[in-house]
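Inspection log for the structure reproduced underneath, given as structure tokens.
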Amino acid sequence: MSLPPESDLQRWLDIATEAALAAGAVLQHHWGNLTNIAEKGRPGDLVTEADREAEAAVMAVLNRHLPADHGILAEESGVQGNPDAALLWAIDPLDGTTNYTHQYPFCSVSIGLLAEGVPILGVVYNPMLQELFRAATGLGATLNRRPIHVSTTAQLAQSLLVTGFAYDRRTTPDNNYAEFCHLTHLTQGVRRGGSAAIDLAYVACGRLDGYWERGLSPWDIAAGIALVREAGGRVTAYDGTPIDIQTGRLLATNGPIHQAMSQTLGQIKPLVVPPLI
Ligand code: IPD
Ligand code: CA
Ligand code: CA
């Protein structure tokens, strides 16, 4: 993968920021005032007018500024342009829809850029807490324009982790429940944030030491992966091998606890919970 020139990355970072702030304004507007909450198929997988309008706001900014050879993959509207484009934007207009519908202020706009499948730029914006995370390869990672770095925690026993549970959790033994129990015992705690993009951004800024999850889509994690790496952290598959973003499964840490987490995830046997619904 060849990295685009720094001047392009800087310009695209500013365009992504403009788009994230525009979508954030839409999310603020609909906060506590939703008229249309629907399920997309799987139980609990919600979509609202805020998701759709926020996505339209992102697309309007990107389409106004970006070169025609860039592709876009957006959660609610799918692919625009060439899905095999060397430079592909991955957009989640509202990551944390469940939180949002309950007015739990942990949700974000996530805008990432993949170069031949590798995340090289990311903007994650939580409009409720007004926290703007930005990064691009070689340009550093920031929170509200101040540099951020991953934590230095070196032991699992001193770590605070985060994870999530995909919408198919009721129907697959690969449901992350055993991993959650096991790592809860080995650490100071495991949070369930409800926005994969913010989970990654929190690893990038050192609030959390590690994150793992399965069943994710490229738009959930493209921006966050760029943030963690640029803040000095590591992102791989569970077993420590290079990540393929299409697998939807990743381990992201500050670095020092990476091997211990990877080893632990490799040892866990699935915990099969009888279906409740
Ligand atoms: C979800 C969130 C959540 C994760 C789910 C995602 P959505 O995205 O990132 O934290 O556990 O797997 O699908 O549906 O709120 O955009
Ligand atoms: Ca999402
Ligand atoms: Ca979403």
Side-chain angles (χ1 to χ4, degrees), residues 19-20 23-24 26-27 30-31 34 36-59 72-79 89-112 114 119 122-128 133 161-172 174-177 179-180 183 190-204 207-208 210-228 235 238 245-252:
V26 173
L27 300 183
H30 286 291
W31 183 246
L34 290 167
N36 184 356
I37 304 174
E39 265 183 0
K40 280 199 267 188
R42 297 170 299 184
D45 191 357
L46 305 177
V47 63
T48 73
E49 68 265 39
D51 297 72
R52 295 203 182 90
E53 285 177 34
E55 185 160 303
V58 171
M59 299 299 268
I72 299 179
L73 170 65
E75 180 176 10
E76 307 307 337
S77 54
V79 175
W89 292 82
I91 316 291
D92 192 336
L94 171 49
D95 187 47
T97 300
T98 307
N99 287 345
Y100 184 85
T101 61
H102 291 266
Q103 292 177 68
Y104 183 81
F106 196 86
C107 52
S108 61
V109 183
S110 177
I111 301 179
L114 302 164
V123 173
V124 174
Y125 178 49
N126 179 342
M128 304 313 150
F133 296 87
L161 307 181
V162 67
T163 191
F165 304 92
Y167 296 115
D168 65 359
R169 60 186 175 265
R170 295 172 182 85
T171 53
T172 171
D174 188 14
N175 51 28
N176 200 24
Y177 297 158
E179 291 85 341
F180 179 78
L183 280 158
V190 181
R191 302 289 176 255
R192 196 292 194 234
S195 165
I198 298 184
D199 295 337
L200 284 160
Y202 278 20
V203 172
R207 290 175 184 163
L208 296 166
Y211 165 64
W212 83 97
E213 191 168 342
R214 59 161 293 280
L216 296 159
S217 299
W219 50 77
D220 298 314
I221 53 177
I225 293 172
L227 276 163
V228 171
V235 186
Y238 281 10
I245 200 165
Q246 300 299 338
T247 63
R249 186 184 290 258
L250 86 173
L251 168 62

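Atoms within each ligand, like the ligands themselves, are counted from 1 in listed order.
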(message) Residue-level breakdown please: for Arg192 versus ligand 1, do any non-hydrogen atoms fall below 4.0 Å on the side chain, on the backbone, on both, or on neither?
(response) side chain
(message) Closer than 3.5 angstrom, by distance alone: can the side chain of Asn99 be matched with the main-chain N or O of Phe106 as a donor-acceptor pair?
(response) yes
(request) Assign the ring pair Phe180 / Phe165 to parallel, tilted or perpendicular, where the plane angle (0 to 90°) is split at 30° and 60°. (result) perpendicular
(message) Distance check below 3.0 Å: does Asp92 bring an N, O or S atom to the Ca ion (ligand 2)?
(response) yes
(message) For the 3.5 Å polar cut-off, considering only N or O atoms, please tell me whether Gly164 and ligand 1 meet it.
(response) no
(request) Hey, could you give me the OG1/CG distance between Thr97 and Asp92, rounded to the nearest 0.5 Å? (result) 6.5 Å
(request) Check ligand 1 against Asp220 and write out every atom of the ligand that is under 4.0 Å from a heavy-atom position of the residue. (result) 8 (O)
(request) Under 4.0 Å from a heavy atom of Ala196: give me the atoms of ligand 1 that qualify, with their elements. (result) 2 (C), 9 (O), 10 (O)
(request) Measure from the Ca ion (ligand 3) to every N/O/S atom of Glu75 and report the name of the nearest one. (result) OE1
(request) Please tell me if the side chains of Ser77 and Met59 come closer than 4.5 Å, counting only heavy atoms from C-beta onward. (result) yes
(request) Considering heavy atoms of the protein only, find what lies nearest to atom 12 (O) of ligand 1 and give residue, atom and distance to 0.1 Å. (result) Glu213 OE2, 3.2 Å
(message) Any nitrogen or oxygen of Leu216 lying under 3.5 Å from a nitrogen or oxygen in ligand 1? Just yes or no.
(response) no
(message) To the closest 0.5 Å, what do you measure between CG (Leu73) and CH2 (Trp89)?
(response) 13.0 Å
(request) With heavy atoms under 4.0 Å as the rule, classify the contact between Ala197 and ligand 1 as side chain, backbone, both or neither. (result) neither
(message) Any carboxylate oxygen within less than 4.0 angstrom of a Lys/Arg side-chain nitrogen, looking at Arg249 and Asp174?
(response) yes
(request) Using a 4.0 Å heavy-atom threshold (strictly under), name the region of Thr98 that reaches ligand 1: side chain, backbone, both or neither. (result) neither
(request) Could you list the atoms of ligand 1 found under 4.0 angstrom from a heavy atom of Asp92? (result) 16 (O)
(message) Is the contact between Tyr167 and ligand 1 made by the side chain, the backbone, both, or neither, using heavy atoms and a 4.0 Å cut-off?
(response) side chain
(request) Show which atoms of ligand 1 fall inside a sub-4.0 Å distance from at least one heavy-atom site of Ser195. (result) 9 (O), 10 (O)
(request) Report, in ascending order of atom number, the atoms of ligand 1 lying under 4.0 Å from any heavy atom of Gly96. (result) 7 (P), 15 (O), 16 (O)
(message) Counting C-beta onward and ignoring hydrogens, is there a side-chain heavy-atom pair between Glu76 and Lys40 closer than 4.5 Å?
(response) yes
(request) Looking only at distances, please establish whether an N/O atom of ligand 1 is found under 3.5 Å from an N/O atom of Asp45. (result) no
(message) Does the residue Leu94 have a heavy-atom contact with ligand 1, meaning some pair of atoms that are separated by less than 4.0 Å?
(response) yes
(message) Can you report which non-hydrogen protein atom sits closest to atom 10 (O) of ligand 1, along with the distance?
(response) Gly194 C, 2.9 Å
(request) Considering heavy atoms of the protein only, find what lies nearest to atom 9 (O) of ligand 1 and give residue, atom and distance to 0.1 Å. (result) Asp95 OD1, 2.7 Å
(request) Kindly confirm or rule out an N or O of Gly215 lying under 3.5 angstrom from an N or O of ligand 1. (result) no
(request) Kindly say whether Trp31 contributes a backbone atom to a donor-acceptor pair with the side chain of Tyr100 at under 3.5 angstrom? (result) yes
(request) Would you mind listing which atoms of ligand 1 come within a distance below 4.0 Å of any non-hydrogen atom of Glu75? (result) 16 (O)
(request) Output yes when a side-chain donor or acceptor of Ser110 lies under 3.5 Å from a complementary backbone atom of Val124, and no otherwise. (result) no
(message) So Leu27 and Cys107, do their side chains get closer than 4.5 Å, heavy atoms only?
(response) no
(message) For Asp220, is there any backbone N or O sitting under 3.5 Å from a side-chain donor or acceptor partner on Asp95?
(response) no
(request) Could you confirm whether Trp219 has any N/O/S atom lying under 3.0 Å from the Ca ion (ligand 3)? (result) no
(request) Check Asp220 and report its N/O/S atom nearest to the Ca ion (ligand 2), by atom name. (result) OD1
(message) Restricting to N, O or S atoms, which atom of Asp95 is closest to the Ca ion (ligand 2)?
(response) OD1
(message) Donor-acceptor pair, distance only, cut-off 3.5 Å: does the side chain of Thr172 make one with the backbone of Arg169?
(response) no
(message) Please check: side-chain N/O of Glu55 versus main-chain N/O of Pro93, any donor-acceptor pairing under 3.5 Å?
(response) no
(request) Check the side chains of Asp51 and Thr48 for a donor-acceptor pair under 3.5 angstrom, ignoring hydrogens and angles. (result) yes
